[in-house]
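Below, chains carry the letters A, B, ... as their sequence lines are ordered, and counting in each starts from 1.
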Amino acid sequence: MGKREDINYKLPSGFDIELLPGERRLELFLLETISSVFERYGFTPLETPAVERLEVLQAKGNQGDNIIYSIEPIVPQDMGDSNESSDGSSRGLKFDQTVPLAAYIARHLNDLTFPFARYQMDMVFRGERAKKGRYRQFRQCDIDVVGRGSLDLLYDAQMPAIIAEIFESIDIGKFLIRINNRKVLTGFFKGIGIEKDKIKTCINIVDILEKVGASKVKKELEKEGISENIADEIIEFINIKGGSEEIFATLDRKSTELKESEDFLVGIKELKDVIKGVRSLKVSEDKYCIDLSIARGLDYYTGTVYETTLVGYENLGSICSGGRYEELVGTFVGDKLPGVGISIGLTRLMSKLMDANILKPMSASPAQVMVLNLDRDLIDTYLEISQNLRQAGIKVVTRFEKQKIGKQIQQADRLGIPLCLLIGKEEYTQNQCRIKILNTGEQLDISLENLVEEVRKILNNQS
RNA sequence: GCGAGCGUAGCCAAGUGGUUAAGGCAGUGGAUUGUGGUUCCACCAUUCGCGGGUUCGAGUCCCGUCGUUCGCCCCA
């Protein structure tokens, strides 16, 4: 098979994110759809390097060491230890877009206009155990808005509107954006007497409710030294269900029962403002809800948090999530620079949705027309026709190699090219061209003068 | 990092100590010379991740090694 046995060319675990042509075309289509929604809301495109200093990557939160890939050069042997002083080990690959954004803002503070709204659809890297649909390198589509000093809660409200618009336009069925506010959670924990240093742990435990179920959450909480009564109270709290007004009513009632409810009240107020904004942005009621069990694992979230699931496919997990972070950017700059953002894990989303047959790959080739090679002597005609079509904006593949006609048509079919142009001696002498429409098998003879026009007409009818 | 499983062609695989290593998909060639997605025929692994061992004999058992998958953890 001509295969080299000494080189293992398989991709390492977690990096098998290569797509076939039709899949890549689908990805590009999605990227285009997503970015056009982002831009409709005035977000500006941005890209940051794959590499940042470790101190930047580790600046906030507990992402820690087990997910960051460090990067260092391979020192050539004959260079001895001359590279030893390089600080290669102090760099790593970015594991999300938010932390690099914070650093970016710190670097360009004086060149940017605030609130700064940007989108980014780069690859990120996580050194975690790979799973089906969960990779070590993957593409995330992020938007964030960062304000200087303060950031209006309407930016938080805008996020669900953007999410809704995106998932409506890529047509993947019903989805639900679940909204919560971390201050509601932390305020509640504080109010029922949980010590400050345990609140973070509690948030992380609560976050896994959906995955592991209430009894496991309770067990975990008790492992942290939380009494059974309190654990029950927590579970009851995060399970509160209902419409927005209903939940607000419950929360208001709860706030009077709590010992210390300042944070809790702030959280409720924020959540109310956000929901009000979402409503004003005309996001339809069945697309979002308040869900007090949404906490998000990342440490840097401080206020609003979001998670989006596909209705009927909840097991796919969150397809878009994010939240507000008050302190993250400020870790690099002295100022207060609160931000809010969301992220779509596109690689994972595509992989899962294609497995579930919700998304289907596009045709392998963007070409709309294939000019067949029936006679090598007519190659100049083929080239000329191809150029004419291209000038009219039509995507054309010209066959240079003479092959059995059936093979050529078969190839066009496999590539998903809808039209074949056949010009042999016969057609040529009559100044004609035969157009074959592959999905119907229909053929028609057109004079060369009208060809461009005719092809365009057929293509229009097809789409 | 810990626990479990798996490793047979480009892909999916049967095979559980005897040997010519099923089958399917894909691929290549053909079924009379200018027509595809259907059908039919032929071809397509001196070899079972790698190394060692047990045995008259190993893809099949044992040890090691590498790779990979799943679970815990974490998350997109």
Expressed in whole Å, how much space separates the [atom1] atoms belonging to [N] and [M]?
| N | M | atom1 | value |
| --- | --- | --- | --- |
| C25(B) | G7(B) | P | 24 Å |
| U54(B) | G24(B) | C1' | 36 Å |
| G71(B) | C12(B) | C1' | 25 Å |
| C41(B) | G17(B) | C1' | 38 Å |
| A26(B) | G15(B) | C1' | 23 Å |
| U69(B) | C63(B) | C1' | 23 Å |
| G29(B) | U19(B) | P | 36 Å |
| G51(B) | A13(B) | P | 25 Å |

Heavy-atom nearest nucleotide on RNA chain B for E427(A) versus P12(A): which residue maps closer to 5'?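 It is E427(A), whose closest nucleotide lies nearer the 5' terminus.
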
Taking RNA chain B as the partner, which of residues 137-145 of chain A come within under 4.0 angstrom of it by heavy atom?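 RNA chain B contact set from residues 137-145 of chain A: F138(A), Q140(A).
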
Can you sort out which residues in residues 443-455 of chain A have a heavy atom within less than 4.0 Å of RNA chain B? Ascending by number, please.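 Contacts with RNA chain B under 4.0 Å: Q443(A).
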
Could you give the [atom1]-to-[atom2] distance, from [X] to [N], as a whole number of Å?
| X | N | atom1 | atom2 | value |
| --- | --- | --- | --- | --- |
| R348(A) | A76(B) | CZ | P | 9 Å |
| L349(A) | A76(B) | CG | P | 13 Å |
| M123(A) | A76(B) | CE | C1' | 13 Å |
| D16(A) | U68(B) | CG | P | 9 Å |
| I417(A) | U35(B) | CD1 | C1' | 16 Å |
| E426(A) | U35(B) | CD | C1' | 13 Å |
| L374(A) | U33(B) | CG | C1' | 14 Å |
| Q411(A) | U28(B) | CD | C1' | 14 Å |

Is the NZ atom of K425(A) crowded by more than 12 outside heavy atoms at less than 6.0 Å?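 Result for NZ/K425(A): open.
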
Choosing from [options], which nucleotide comes nearest the side chain of [X]?
| X | options | answer |
| --- | --- | --- |
| K404(A) | A76(B), U35(B), A31(B) | A31(B) |
| R414(A) | A76(B), U28(B), G34(B) | U28(B) |
| K436(A) | G36(B), C74(B), A31(B) | G36(B) |
| R126(A) | U35(B), G27(B), C75(B) | C75(B) |

Under 3.5 Å donor-acceptor, [X] side chain and [Y] backbone:
| X | Y | result |
| --- | --- | --- |
| K94(A) | T48(A) | yes |
| T302(A) | E326(A) | yes |
| Y104(A) | E47(A) | no |
| Y306(A) | D156(A) | yes |
| Y155(A) | V146(A) | no |
| Q408(A) | Q403(A) | yes |
| R182(A) | Y301(A) | yes |
| R376(A) | F400(A) | yes |

Within the 4.0 Å heavy-atom criterion, would you say [X] contacts the bases, only the backbone, or no part of the nucleic acid?
| X | value |
| --- | --- |
| G406(A) | sugar-phosphate |
| S318(A) | sugar-phosphate |
| K407(A) | sugar-phosphate |
| Q408(A) | nothing |
| L422(A) | base |
| A130(A) | sugar-phosphate |

Between N or O atoms, less than 3.5 Å apart, protein on one side and nucleotides 37-42 of chain B on the other: list the pairs.
none

What verdict does the salt bridge (charged side-chain N to carboxylate O under 4.0 Å, His left out) test give for E401(A) and R399(A), after you've listed the backbone C-alpha separation in whole Å, the side-chain angles of each residue and the deciding distance to 0.1 Å? CA-CA 6 Å; E401(A) 41 286 296; R399(A) 295 289 310 181; 3.5 Å; yes

Less than 6.0 angstrom separating the ring centers of F125(A) and Y69(A), yes or no?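 Centroid distance F125(A)-Y69(A): not below 6.0 Å, so no.
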
Is the shortest side-chain heavy-atom distance between Q462(A) and Q368(A) below 4.5 Å?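 Q462(A) vs Q368(A): side chains apart.
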
Minimum side-chain heavy-atom gap N431(A)-Y428(A) below 4.5 Å: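 SC-SC contact between N431(A) and Y428(A) ruled out.
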
For a quick check, tell me whether the side chain of Q403(A) and the base of G34(B) share a donor-acceptor pair closer than 3.5 Å.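 Looking at the base of G34(B), it does not pair with any donor or acceptor on the side chain of Q403(A) (distance under 3.5 Å).
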
How long is the gap from CG on L415(A) to CD on Q410(A), to the nearest 0.5 Å?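 If we round to the nearest 0.5 Å, L415(A):CG and Q410(A):CD are 10.5 Å apart.
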
Find the distance between CG (L26(A)) and CG (L19(A)) and round it off to the nearest 0.5 Å.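 Those atoms lie 8.5 Å apart.
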
I want to check one thing: is the phosphate of C74(B), taken as OP1 and OP2, less than 4.0 Å away from some side-chain N or O of R136(A)?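 For C74(B), neither OP1 nor OP2 has a side-chain N or O of R136(A) closer than 4.0 Å.
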
Does S13(A) make a side-chain N or O approach to OP1 or OP2 of U69(B) shorter than 4.0 Å?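 Answer is yes, contact under 4.0 Å.
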
Name the atoms and distances for all side-chain donor-acceptor pairs under 3.5 Å in residues 138-145 of chain A, with sequence neighbours left out.
from, atom 1, to, atom 2, distance (Å)
R139(A), NE, E27(A), OE2, 3.3
R139(A), NH1, M121(A), O, 2.9
Q140(A), NE2, S343(A), OG, 3.0
D142(A), OD1, S343(A), OG, 3.0
D144(A), OD1, Y325(A), OH, 2.4
D144(A), OD2, R118(A), NH1, 3.0
D144(A), OD2, R118(A), NH2, 3.4

Can you tell me which stems involve RNA chain B, if a stem is defined as three or more consecutive Watson-Crick or G-U wobble pairs, both distances under 3.5 Å?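 Consecutive-pair runs (3 or more) involving RNA chain B: B:1-7 with B:66-72, B:10-12 with B:23-25, B:27-31 with B:39-43, B:49-53 with B:61-65.
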
Which ring pair (Phe, Tyr, Trp, His ring centres under 6.0 Å) pairs, counting each pair once, include a residue from residues 20-40 of chain A, with sequence neighbours left out?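 Listed once each, the pairs are F38(A)-Y119(A).
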
